[in-house]
Amino acid sequence: MKSCIDIGLVGLGTVGTGTAKILLENRDLIARRVGVPLELKRIVDLDVTTDRGIALPDGLLTADLPGLLNDPTIDIVIELIGGYDTAKRIMLDAMAQGKHVVTANKALLAVHGEDVFTAAARAGLDVGFEASVGGGIPIIHALTEGLAANRLTSIVGILNGTANYILTKMLREQQEFEDALAQAQAAGYAEADPTFDIQGIDSLHKLAIMVNLAYGTPVNVKDVFTEGIQHVTALDIQYASELGMVVKLLGIAKLHDGEVEARVHPALIDKDSPLAQVHGVYNAIHIVGDAVGDVMLYGRGAGALPTGSAVVSDVISIARNIQRQACGRVPPTSFPLDQRVPIRIRPMEELTTRYYLRCMVLDRPGVLSQIAGVLGNHGISIMSVLQQGRHEAQAVPLVIMTHRASERSVQTALKEINKMSSVVSQPTTLIRVEDEER
Ligand code: HSE
């Protein structure tokens, strides 16, 4: 048993600062929970001068990365610099020195996770990445431990706070997309490159990590269909409201006959469903397990302290493992490496769901029947139609809700519809409906 667990932190940005603050301010409480103190021994960042609003002991913050990685007393290295190459090198170098690692780096884990997980498993080291999905929500521990008894038939999450904040602003304040995005950035929620948030890439990374853990399979992110919210308009959000639905950017994984359907896209959900109540920067993940039934985890998906909370929870788990010589007890991939079996990710064309379609059409006799005819020819049945406004010279929105149809048929039909002379000004907007299959 050690009398103290020493921590090295690399990266003192937003999450790094939150992590340091928690380790310093909750030091006594954490020491009681672990049984010995966790000592934040070194912090490394290229910027050693900016005031981060926390009082750090003199000499704690330096730019000396080799000094941290080569310090034999450091047991756990926390990597919070983000990005791919340098972050991966830091993690592998730390493990090569026998150190456990903790990271919030979902992009790295989604794309290069196998290298990191394999290195850790082979060395019997722990890798903590609770902060990589859902900020402060303990979803990784839920998947690896709390729900480990279950076959998980469905995982549906609001996984990106920035996108959810934007959609919430667009709904509640009738804001345009660009204004809402600027506010999310000013509030510090967006990634350094906000395209990751709005194009669904950040949600994709988080979904890929969850699928990996839930189903014991490596995931190639290229196999997961990903569409962002950049084409969602205030008009579609308003029509969704009229239909009793809201638009959310969802990461969806479902188990079907031994295959996994995995996709990220804006979706219409019933306004009374639990995920529809998740607003602003909050994230939530709704899971269905064959034994447990429905579980929903809800919390802050971004921000210094919520994400720092998840980082420190990993540090505490690893510190406890070190104390009991139980490192590697929970495999980082949830399933031991030799128990993982690649599972087919179903291509998007094989999806069947309901669809919201909005065409801008010239309001002339026969237009609706032409469009309905194309849909009918492709076996797509219409559930309802909404059209308001009357401008013979101008395009008006025509909103069609379909019954369940195949993605392949809908995409083929839309190509034909978009070529029609009465469909003008823009291609048809398509938003998939996410509801229980019936
Ligand atoms: N940019 C991310 C979000 C931060 O908006 O959810 C947490 O991953």
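Just so it is clear, the structure is predicted and the values come from calculations on it, not from any experiment.
- Ala284 meets the side chain to side chain contact (heavy atoms under 4.5 Å, CB included) test with Leu275, Val278, Met296, Tyr298; sequence neighbours excluded.
- Expressed to the nearest 0.5 Å, how far OG1 of Thr226 lies from CD of Gln199 amounts to 10.0 Å.
- The side chain to side chain donor-acceptor pair (under 3.5 Å) test applied to Arg324 returns no partner, not counting sequence neighbours.
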Donor-acceptor contacts, no H, no angles, side chain residues 208-218, under 3.5 Å, sequence neighbours left out:
{"from": "Asn212", "atom 1": "OD1", "to": "Arg340", "atom 2": "NH2", "distance (Å)": "2.8"}
{"from": "Asn212", "atom 1": "ND2", "to": "Glu114", "atom 2": "OE2", "distance (Å)": "3.2"}
{"from": "Tyr215", "atom 1": "OH", "to": "Leu152", "atom 2": "O", "distance (Å)": "2.7"}
{"from": "Thr217", "atom 1": "OG1", "to": "Ile343", "atom 2": "N", "distance (Å)": "2.9"}

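- Residues His265 and Glu434 have side chains not in contact (no heavy-atom distance under 4.5 Å, counting atoms from C-beta outward).
- Remark: Asp223 engages no residue in a side chain to side chain donor-acceptor pair (under 3.5 Å) (not counting sequence neighbours).
- Every residue two or more places apart in sequence or in another chain that forms a ring pair (Phe, Tyr, Trp, His ring centres under 6.0 Å) with His112 is listed here: Tyr84.
- With sequence neighbours excluded, no residue satisfies side chain to side chain donor-acceptor pair (under 3.5 Å) with Ser334.
- Counting heavy atoms from C-beta on, the side chains of Val247 and Met170 never come closer than 4.5 Å.
- Environment of CG in Leu29: crowded, with over 12 heavy atoms of neighbouring residues, nucleotides or ligands closer than 6.0 Å.
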Under 3.5 Å, sequence neighbours excluded: what are the donor-acceptor pairs made by side chains of residues 409-417?
{"from": "Ser409", "atom 1": "OG", "to": "Ser406", "atom 2": "OG", "distance (Å)": "2.8"}
{"from": "Gln411", "atom 1": "NE2", "to": "Glu407", "atom 2": "OE2", "distance (Å)": "2.7"}
{"from": "Thr412", "atom 1": "OG1", "to": "Arg408", "atom 2": "O", "distance (Å)": "2.7"}
{"from": "Glu416", "atom 1": "OE2", "to": "His378", "atom 2": "NE2", "distance (Å)": "2.9"}

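- At a threshold of 4.0 Å, the pair Arg89-Asp85 does not count as salt-bridged, since none of the basic side-chain nitrogens sits closer than that to a carboxylate oxygen.
- In this structure, Leu204 CG and Asn160 CG are separated by 11.5 Å, a value rounded to the nearest 0.5 Å.
- Residues in residues 268-282 take part in no salt bridge (charged side-chain N to carboxylate O under 4.0 Å, His left out) pair, two or more places apart or across chains.
- Remark: Phe225 engages no residue in a ring pair (Phe, Tyr, Trp, His ring centres under 6.0 Å) (not counting sequence neighbours).
- Partners of Arg344 by side chain to side chain contact (heavy atoms under 4.5 Å, CB included), not counting sequence neighbours, listed by chain and number: Glu259, Arg346, Pro347, Glu350.
- Residue pairs meeting the salt bridge (charged side-chain N to carboxylate O under 4.0 Å, His left out) criterion with at least one member in residues 18-28, sequence neighbours excluded, are Lys21-Glu25, Arg27-Glu39.
- The side chain to side chain donor-acceptor pair (under 3.5 Å) search around Arg358 returns Asp236, Gln426, Thr429, not counting sequence neighbours.
- Nearest approach of Ser203 to Leu249, heavy atoms of both residues: OG-CD2, 3.7 Å.
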